[in-house]
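For reference, the structure discussed in these notes is given below.
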Amino acid sequence: MAYTLRLEDLARDVHAHTIAAAIGAAFGAQQVAGDRADWDTVKAAFDVALAAPPAAGEPGGRDDSPRGIKLRVLGVT
């Protein structure tokens, strides 16, 4: 159930990202690679990030919180 809820949250972020890119394009913003989120790519990256072993807790290590995973999947961090 937690997986499904996290996917729904991620889907909302992908949708918002897609809408923002479309609005930017409507206002004449230059489109670059990665401006439009692809759900299949994002979901696959989420599954890979979720299956990865947790960080060893080293300083400056990877953020494995739900938010950290989501940001990595979206390519923000």
Open item on the list: Are Ile19 and Trp39 connected into the same hydrophobic cluster when the rule is that any two of I, L, V, M, F, W, Y join if their side-chain heavy atoms are below 4.5 Å apart?
Closed with: no
- [ ] First locate atom CZ of Phe46, then atom CG of Asp13, and finally report the distance between them rounded to the nearest 0.5 Å.
- [x] 11.0 Å
- [ ] For the pair Leu10 and Lys43, evaluate side-chain contact (heavy atoms from CB on, under 4.5 Å) and give the outcome as yes or no after the intermediate values.
- [x] CA-CA 8 Å; Leu10 188 58; Lys43 185 182 177 302; 5.7 Å; no
Task: salt bridge (charged side-chain N to carboxylate O under 4.0 Å, His left out) evaluation trace for Asp9 with Arg6 - done: CA-CA 5 Å; Asp9 187 38; Arg6 187 57 56 196; 3.1 Å; yes
Task: Gap separating the CG atom of Asp38 from the OG1 atom of Thr18, nearest 0.5 angstrom - done: 9.0 Å
- [ ] Assess whether atom OH of Tyr3 is packed by more than 12 heavy atoms of other residues, nucleotides or ligands within 6.0 Å.
- [x] yes
